[in-house]
A.B. asks: 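I have a structure I would like to understand better, so I am pasting it below and will then ask my questions one at a time.
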Amino acid sequence: MDNGFLPVSPQDMEERGIDQLDFVYITGDAYVDHPSFGPAIISRVLQANGYLVGIIPQPDWKDENSISLLGTPRLGFLISGGNMDSMVNHYFVSKKKRPGDAYTPGGAMGKRPDHATVVYSNRVREAFGDIPLVIGGLEASLRRFAHYDYWDDAVRPSILVESGADLLSFGMGEHSMVEIARRLAAGEDIRTLRDIRGTCYLAELSDPAPPGAVSCASFDKVRLDKMAYARASRTQLEQQDHIYGKAILQKHGDKMLVQNPPPIPLTTQELDAVSALPYERYYHPSYKELGGVKAIEEVEFSIIHNRGCYGACNFCSIAFHQGRYVTPRSHESVLEEARRFVKNPRFKGYIHDVGGPTANFRGPACQKQEKSGVCMGKKCLYPSPCPAIQADHSDYIQLLRKLRAIPGVKKVFVRSGLRYDYIMADKSTAFLDELGYLDSSLIAVHLTDCTDEEAAHIAGKGASMIVNPGSIGIIDGIVCPSVAFQEAGGSVALGSDQAPGNNCHNIINEMKNVALFNKIKYGNPEVMPAWRALRMATIEGAQAIGLGDSVGSLEPGKQADFIAIGLNCPSMLPVYTYPMRNMIPNLVYSARGPEVALAAVDGEIIMRDGIFTKVDQQEYLSAIPQYPDEIGHRAAEEFFQIDGTNARFMREGKL
């Protein structure tokens, strides 16, 4: 054998002088020895701890000889459905079969069964009887409790029940698997391994529960009662913190499913060590003639720099698998991985991703999490970023810059998900600049958290800006840095805000707001003169949104978009034309909107004397009253739950 992959055949074992393996790892994926693949990590971690591990990738579950290919292992079998849940791998959301499998050589379908972990486990039991059997990986981890299966449209029991396995290793299993291996090697019966964090087992109803354990509704109850299912799920999620999480019990018929407390996350040093293991970083050479394994293409030259995620997106299962506590790798560990890329003849100079569950997280959300865990029942970023969050991209920026400086690296990409609310919580614009977001294609909205210096920097990059001073003043009590943006050469548009933004739709009123707010902010009456505010509502506004060549001023070749102002309205009088014209100051400082006598879009009059000409204005006005009650009732629960200022004013009778 001329490769560094782990044994996959009796011939491999013979060439290495191995009579019996300690563990045989069966996986639903092709064998890809890369740290983006769970089986590769666990097998290499066990190898680093002195155990002999062989891999049986995608065995023919109909053929007992395929399951027993590597003989009887000394310590037991490890089984994983693969990097994805086998049902997700097989089916679209429409429940139709997918046309290909990126985790199989040549993209062939049908190389693993539905519910692969269960099927493989049952075949091992049939072939080897009462041998130690541990299941893990994403499929086992996310199906460890009674769970809803979309394809069955029914609640299934814990995968431990259906698989007949002795233990289930959930989450990131380095610590738990090493402890399982150590204790099995010491002669302990696998049925007595009931105190290992990050594992689940089935117990008799009469067996003592772990100290402090909490219970959730039984399988029989949650499969029939949706509210019981929801409450059970909440209990399970709330206890997934490695600091305060308790053991969880869920009755399954005459057995009790016991989930021990979650595993302790790896430290940075431990994560570095796992990342430095001798992965081949490619698929097994036996797959070359079959067309290779497509799943390697995006990750071969990608780097995972963190683990865990406190984003807690509703659609995502990472919090239930990796946990919400974020552990970063050290810079040197990441850089060393990239240096190895450069030595690879397949590397073309492009690092495809420097990411993880969320690319721009480089540590715990706040200092409290390090000692007390994540806040139970709360999210770090929703509905708005927690005041305690440490939103800082400086370390990530330095890491990206160091990677780009490595000889042989042409470009570094970030393709993992970015939490934009976390980016916005960072008071600095440096990360956006680093990613190349600050250019002429950017329309920066409000810039409420920017200093004048940062606003000027963004303007200098060619970006434009749009503001609604009334809404931001009411909601945030902030004057947007419009003046600094303009002084740096940027174009600023006045815009309306959405209905919840205090109905700040009157652009004439916003001209007055932007002028007065900035005069007060800078203590200078010459800042933001009336003509500048008018330009923000017309030509400069059009330029800011990229329409300056077609609208914003009345010139030959442009669309005839304009409003006509009645100069005989009291707010526009008196009108002076000499020695200065005062129509613009009157419009900006005195007008309120009724002064508009006519409005035209592309030469077509749409409003005259306060009446819309293209729609039945009264019909729309009469329909409006029916909506507030409906919207209000839908929003009431969250409104009072958030308990903002207006909710308190309502309770106090001030609104």
Side-chain angles (χ1 to χ4, degrees), residues 443 445-446 466-475 492-517 530 533-555 558-575 582-636 639 646 650 655:
I443 301 176
V445 180
H446 301 312
I466 187 165
V467 298
N468 183 263
S471 179
I472 295 303
I474 294 168
I475 294 173
V492 182
L494 281 178
S496 61
D497 210 349
Q498 75 275 22
N502 305 287
N503 282 310
C504 295
H505 303 301
N506 187 329
I507 204 69
I508 293 178
N509 200 45
E510 293 310 309
M511 289 193 293
K512 178 178 180 178
N513 285 338
V514 76
L516 294 188
F517 290 178
L534 178 61
R535 285 182 62 84
M536 291 169 67
T538 53
I539 182 58
E540 190 172 335
Q543 291 168 346
I545 61 174
L547 297 177
D549 292 336
S550 57
V551 297
S553 61
L554 293 177
E555 300 177 52
K558 286 190 174 184
Q559 291 180 197
D561 287 14
F562 64 91
I563 61 172
I565 304 295
L567 297 182
N568 290 325
C569 297
S571 57
M572 295 298 295
L573 296 173
V575 175
N582 71 339
M583 287 84 79
I584 292 177
N586 284 356
L587 176 64
V588 171
Y589 299 131
S590 299
R592 291 292 180 271
E595 299 83 359
V596 178
L598 180 145
V601 174
D602 199 14
E604 187 173 7
I605 296 173
I606 63 168
M607 191 274 285
R608 186 193 298 272
D609 298 327
I611 303 298
F612 287 98
T613 61
K614 300 298 180 182
V615 297
D616 187 335
Q617 182 171 320
Q618 193 55 45
E619 178 184 350
Y620 282 93
L621 290 174
S622 61
I624 289 173
Q626 66 180 300
Y627 296 108
D629 282 346
E630 179 186 344
I631 294 171
H633 280 95
R634 290 208 311 266
F639 175 79
N646 286 332
M650 284 292 291
L655 288 178

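Reckoned from all heavy atoms, side chains included, excluding hydrogens, waters and symmetry mates. Along the sequence shown, the residues carry numbers beginning at 1. Predicted model, so just to flag it, every value in this text is computed and none were measured.
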A.B. asks: Kindly compute the distance separating CD (Gln559) from CG (Asp602), expressed to the nearest 0.5 Å.
C.D. replies: 4.0 Å
A.B. asks: What's the spacing between Met607 CE and Phe612 CZ if we round to 0.5 Å?
C.D. replies: 6.5 Å
A.B. asks: Any side-chain heavy atom of Asn582 sitting closer than 4.5 Å to one from Val575?
C.D. replies: yes
A.B. asks: Looking at Glu595 and Gly593, would you say the former's side chain and the latter's main chain have a donor-acceptor pair under 3.5 Å?
C.D. replies: yes
A.B. asks: Considering all heavy atoms of both residues, which atom of Ser553 and which atom of Ile539 are nearest to each other, and what is their separation?
C.D. replies: OG-CD1, 3.9 Å
A.B. asks: Can you tell me if Thr613 uses its side chain to pair, donor with acceptor, with the backbone of Arg608 under 3.5 Å?
C.D. replies: no
A.B. asks: As an exercise, state the distance from CD of Glu540 to CG of Leu534, rounded to the nearest 0.5 Å.
C.D. replies: 10.5 Å
A.B. asks: Can you tell me how far CG of Leu573 sits from CG of Asn586, rounded to the nearest 0.5 angstrom?
C.D. replies: 8.0 Å
A.B. asks: Are Val588 and Ile508 side-chain neighbours, meaning at least one heavy-atom pair lies under 4.5 Å?
C.D. replies: no
A.B. asks: Roughly how far, to the nearest 0.5 Å, is the CD1 atom of Ile507 from the CE atom of Met536?
C.D. replies: 9.0 Å
A.B. asks: So do the side chains of Lys614 and Glu604 get within less than 4.5 Å of each other, counting heavy atoms only?
C.D. replies: yes
A.B. asks: If only atom types and distance count, is the side chain of Asp561 paired as donor or acceptor with the main-chain N or O of Gly552 below 3.5 Å?
C.D. replies: no
A.B. asks: Does atom CG (Asp549) have a neighbourhood of more than 12 heavy atoms from anything else shown, all under 6.0 Å?
C.D. replies: no
A.B. asks: Verify, without hydrogens or angle tests, whether Gln617 (side chain) and Ile611 (backbone) share a donor-acceptor contact under 3.5 angstrom.
C.D. replies: no
A.B. asks: Within the distance-only criterion (no hydrogens, no angle test), does the side chain of Asn513 pair as donor or acceptor with the backbone N or O of Pro469 below 3.5 angstrom?
C.D. replies: no
A.B. asks: Are any non-hydrogen side-chain atoms of Leu494 and Val467 less than 4.5 angstrom apart?
C.D. replies: yes
A.B. asks: Within this structure, what is the CZ-CD1 distance for the pair Arg535 and Ile584, rounded to the nearest 0.5 Å?
C.D. replies: 10.0 Å
A.B. asks: Is the backbone N or O of His505 less than 3.5 Å from a side-chain atom of Glu510, with the two atoms forming a donor-acceptor pair by type?
C.D. replies: no
A.B. asks: Do side-chain atoms of Arg592 reach the backbone of Ser590 as a donor and acceptor pair under 3.5 angstrom?
C.D. replies: yes
A.B. asks: Whether the side chain of Ser622 engages the backbone of Glu619 through a donor-acceptor N/O pair (distance < 3.5 Å, no angle test) should be reported.
C.D. replies: yes
A.B. asks: Search all heavy atoms of Ala599 against all heavy atoms of Ile563 and return the closest pair with its distance.
C.D. replies: CB-CG2, 4.0 Å
A.B. asks: Write down the atom of Gly541, the atom of Ala493, and the distance for their closest heavy-atom approach.
C.D. replies: CA-CB, 3.3 Å
A.B. asks: Taking Gln626 for the side chain and Ala623 for the main chain, is one N or O donor matched with an acceptor at less than 3.5 Å?
C.D. replies: yes
A.B. asks: Heavy-atom distance under 4.5 Å between the side chains of Phe562 and Val601, does that happen here?
C.D. replies: no
A.B. asks: Using atom types as modelled and distance alone, determine if a side-chain donor or acceptor of Lys558 lies under 3.5 Å from a backbone N or O of Gly548.
C.D. replies: yes
A.B. asks: What I'd like to find out is whether the side chain of Met572 reaches to under 4.5 Å of the side chain of Leu587, using heavy atoms alone.
C.D. replies: yes
